[in-house]
Amino acid sequence: MPNDLDDSPSGFSTPENLALVRQLIRPRFTHDIHDYVLEGICKAMDGFHVISVVRTGGGKTTYFSGFMVLLQEMEKLSEDHPLKHSLERFIPTNPLCIIIYPTKGLEEDMVQTFNALGIPSLAINEDTLKNARNRSIDLWALATQPQLRCLLLSPEQLASKPFNTALSIPSFYSRIVALDVDEIHLVLTWGAPGFRNSFRDIGNALMRLPRWTTLTGVTATLPEGIDTLSLMRILGLRSGSFVFTRRSNHRPELQFIFRVLRHGLQGWSFPDFDWALNGQRKTIIYCRTISLAFRLFVYLWQTSSPSNSPARRKRSRLYCSLYSDKYNKTSRDIFVNDVSCQFLITTDALKVGNDFPNVDDVINIEPEDPSDILQKGGRAGRRISNSLTTGPRCINYFTQSTMKRAKEVLKPGRDDSSIQELGPSNLEQGSQGKMTRKMARLLLSDCIDKEIDIQFANPETDPVCTCEKCSHLHPLPRSMVDCRCSKCQPEPPLPALPQKAAVSRVGNGIVLAKKLTEVEREYGLRQLSAFCRRVWDASRDISIKYLPPESLLPDCLIHSLLNEFAKLKTTADLVPCVNGFLKGNEVPLMSELNSLQRKFNRMRIALDPNGDDVPVER
Ligand SMILES: [Zn+2]
Ligand SMILES: [Zn+2]
């Protein structure tokens, strides 16, 4: 492995060899290779580790596929070809690349992409292993076949026993030529203790692979400074052994918008998002919790009209880790291919990868930090020709308490250690959790784009790319284009929210003696949850089966029923306390409440054997 990076290019990195490599691999791709990707591939061929920061949609996958295609094409060259003479590193026979992808969905998408490019590939994760076992196929045995060129793994597999066993087979071990890592910044974030520690082991894994193995890592969101230095340290990359390149992650077509929420996120009503229903822009909505994603999903479903049209059911899909991978994959396919599916409501489960070709808007509710905004915003605007008058947008919503918190975080005299001690982020309680200084600075900045440029050390201009695609583009210099972020061009005031009926949790006219005790409420909650499950089980309505059982009678409505318990005497009294999903089940619900009342009466008598306290009658 080279120890010094001198300025004069050698090996595959000379201008002549770069041109030869482009010529050699170009026919295998439907698009030309960006200059910077080509340079990265050639640096890897020269034996360097390569870490590249490239904007989303900037050709990150080609760093991996281009390298593998080059290895295949090299095998076809005659021994006197100039590239054969330029090879300074060892390339084994039947070379094998290992690629780490952060999500199973991404792995499965990519295995198809690579196979379509003529690179025999296999994905190993817990799902593919399970499927293979059911069909009595040994995936790890397939992984050691000499014709395989690319093994896609989840980081967890690097520490697994079968992978270690495979490494002990000389014919497998000696073929490994590269370890590639997609979204390599996740080593820092997801690799944090307690989440997916195996991301931190990627550096250790590199040590265990043959000495000639090169690492290529790509990301769009690696902040400058301490983050970059930490990443190199965790990966164990010594100075001189790697090439680090940073291109701007700025995407001029993407508009960043910050909005302050005018309602909380705890309930079931989200009128701040009603505007999205008035259009047909393909939108991914990112929520910080599954609970919020689900409640927003129900709200948009209920608010969509006309209420009985089949289109209403198709309009939103919920994508989260509670669903099977198969269901989530179907949701991704429907969102991409079915025009009637407008919203994909999700969590961090869909944060990375997944190059959707047709997203107009990304809505981020309470994004965690600037990287989070960039990563998720990167899903928008991959359309090649966007006929919409408004371009792709990344619309971020923050609660008022988050905005207040940003000011506190940046108060003079406050140090970072005090920020870390403020407890875990808890959105349901009003965002009184952690906030990084970077996030606070972005929230209070005068220009979102400018602050992102500073935090990610975006170069003012990137070196010109001469590839077929870029040479047709003639973007104006940044300084000549007006920024369209919502700080530079404030939005007109948003329409007023509909007046909501005042709901008072206290003072509902029920005397203290008739209010339920904590024990009774707990018992009631359990019984009514079980009732809800029974109704869902018995239902034959497909629109109900499409929803989780809890949607019929969510906890918040059960609490309303228990708050009003003493007042509920007829099915008509139930109306304010149930939603449309429970329609037609008012009589069984009333009977369930009556049965609860009898149980409570017995409980109260048992607690007071003298019978001084008369059981409460409804
Ligand atoms: Zn280019
Ligand atoms: Zn701006």
Side-chain angles (χ1 to χ4, degrees), residues 13 15 18-19 21-43 50 52-67 69-70 218 220 245-260 355 362 364 367 370 373-374 377-378 380-382 384 390-396 398 406 438-456 458-492:
S13 301
L18 284 167
V21 170
R22 188 192 293 276
Q23 211 177 39
L24 195 61
I25 64 178
R26 174 67 185 86
R28 295 275 297 272
F29 291 89
T30 52
H31 54 83
D32 196 6
I33 319 289
H34 291 300
D35 292 354
Y36 50 93
V37 178
L38 194 68
E39 285 160 17
I41 293 168
C42 289
K43 282 292 177 196
V50 175
S52 288
V53 184
V54 179
R55 73 189 188 98
T56 46
K60 287 188 285 143
T61 305
T62 331
Y63 276 92
F64 310 152
S65 55
F67 181 74
V69 164
L70 177 57
V218 291
T245 55
R246 181 186 288 281
R247 289 179 66 87
S248 175
N249 60 21
H250 179 254
R251 292 179 50 203
E253 74 284 11
L254 182 65
Q255 184 185 16
F256 285 105
I257 296 172
F258 283 5
R259 289 179 185 168
V260 179
D355 296 340
V362 163
N364 272 338
I373 293 176
L374 273 187
R382 301 287 188 89
I384 294 165
T390 307
R393 300 180 298 179
C394 172
I395 307 167
N396 302 272
F398 303 94
K438 283 183 173 168
M439 188 63 197
R441 278 203 297 271
L442 185 62
L443 279 169
L444 302 178
S445 64
D446 293 331
C447 171
I448 303 167
D449 292 46
K450 207 188 283 173
E451 184 60 30
I452 288 175
D453 283 345
I454 295 169
Q455 295 193 12
F456 288 90
N458 280 337
E460 178 76 27
T461 49
D462 281 325
V464 176
C465 179
T466 60
C467 82
E468 289 161 19
K469 189 179 168 193
C470 297
S471 53
H472 286 103
L473 303 171
H474 303 287
L476 287 169
R478 288 281 296 275
S479 54
M480 291 177 67
V481 183
D482 287 338
C483 178
R484 292 181 304 127
C485 85
S486 62
K487 303 261 187 176
C488 292
Q489 297 190 24
E491 295 186 284

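Here, residue 1 is the first one in the sequence, and each next residue gets the next number. In each ligand, atom 1 is the first atom listed, and ligand 1 is the first ligand listed.
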- Does a salt bridge link D449 with R484, judged by any charged N lying under 4.0 Å from a carboxylate O? no
- Message: Between K487 and S445 (side chain of the first, backbone of the second, donor and acceptor by atom type, cut-off under 3.5 Å), is there such a pair?
- Response: yes
- Considering all heavy atoms, the nearest C470-C465 contact: CB-O, 3.5 Å
- Task: Verify the distance criterion only: is there a donor paired with an acceptor across the side chains of S52 and T245 at less than 3.5 Å?
- Result: yes
- Side-chain (D32) to main-chain (E468) donor-acceptor, under 3.5 angstrom: yes
- Has the side chain of Q455 got a donor or acceptor atom that lies under 3.5 Å from a matching backbone atom of K438? yes
- Task: At a cut-off of 2.8 Å, list the protein N/O/S atoms near the Zn ion (ligand 1), residue plus atom name.
- Result: H34 ND1, C465 SG, C467 SG, C470 SG
- Query: How about the Zn ion (ligand 2), which protein N, O or S atoms come within less than 2.8 Å?
  - Reply: C447 SG, C483 SG, C485 SG, C488 SG
- Message: Less than 6.0 angstrom from the centroid, inside 45 degrees of the normal: does R259 satisfy that with respect to the ring of F398?
- Response: no
- Task: Anything under 30° is parallel, anything over 60° is perpendicular, the rest tilted; go ahead and classify Y36 against H34.
- Result: parallel
- Task: Using modelled atom types only, decide if a donor and an acceptor are shared between the side chain of S248 and the backbone of H250 within a distance under 3.5 Å.
- Result: yes
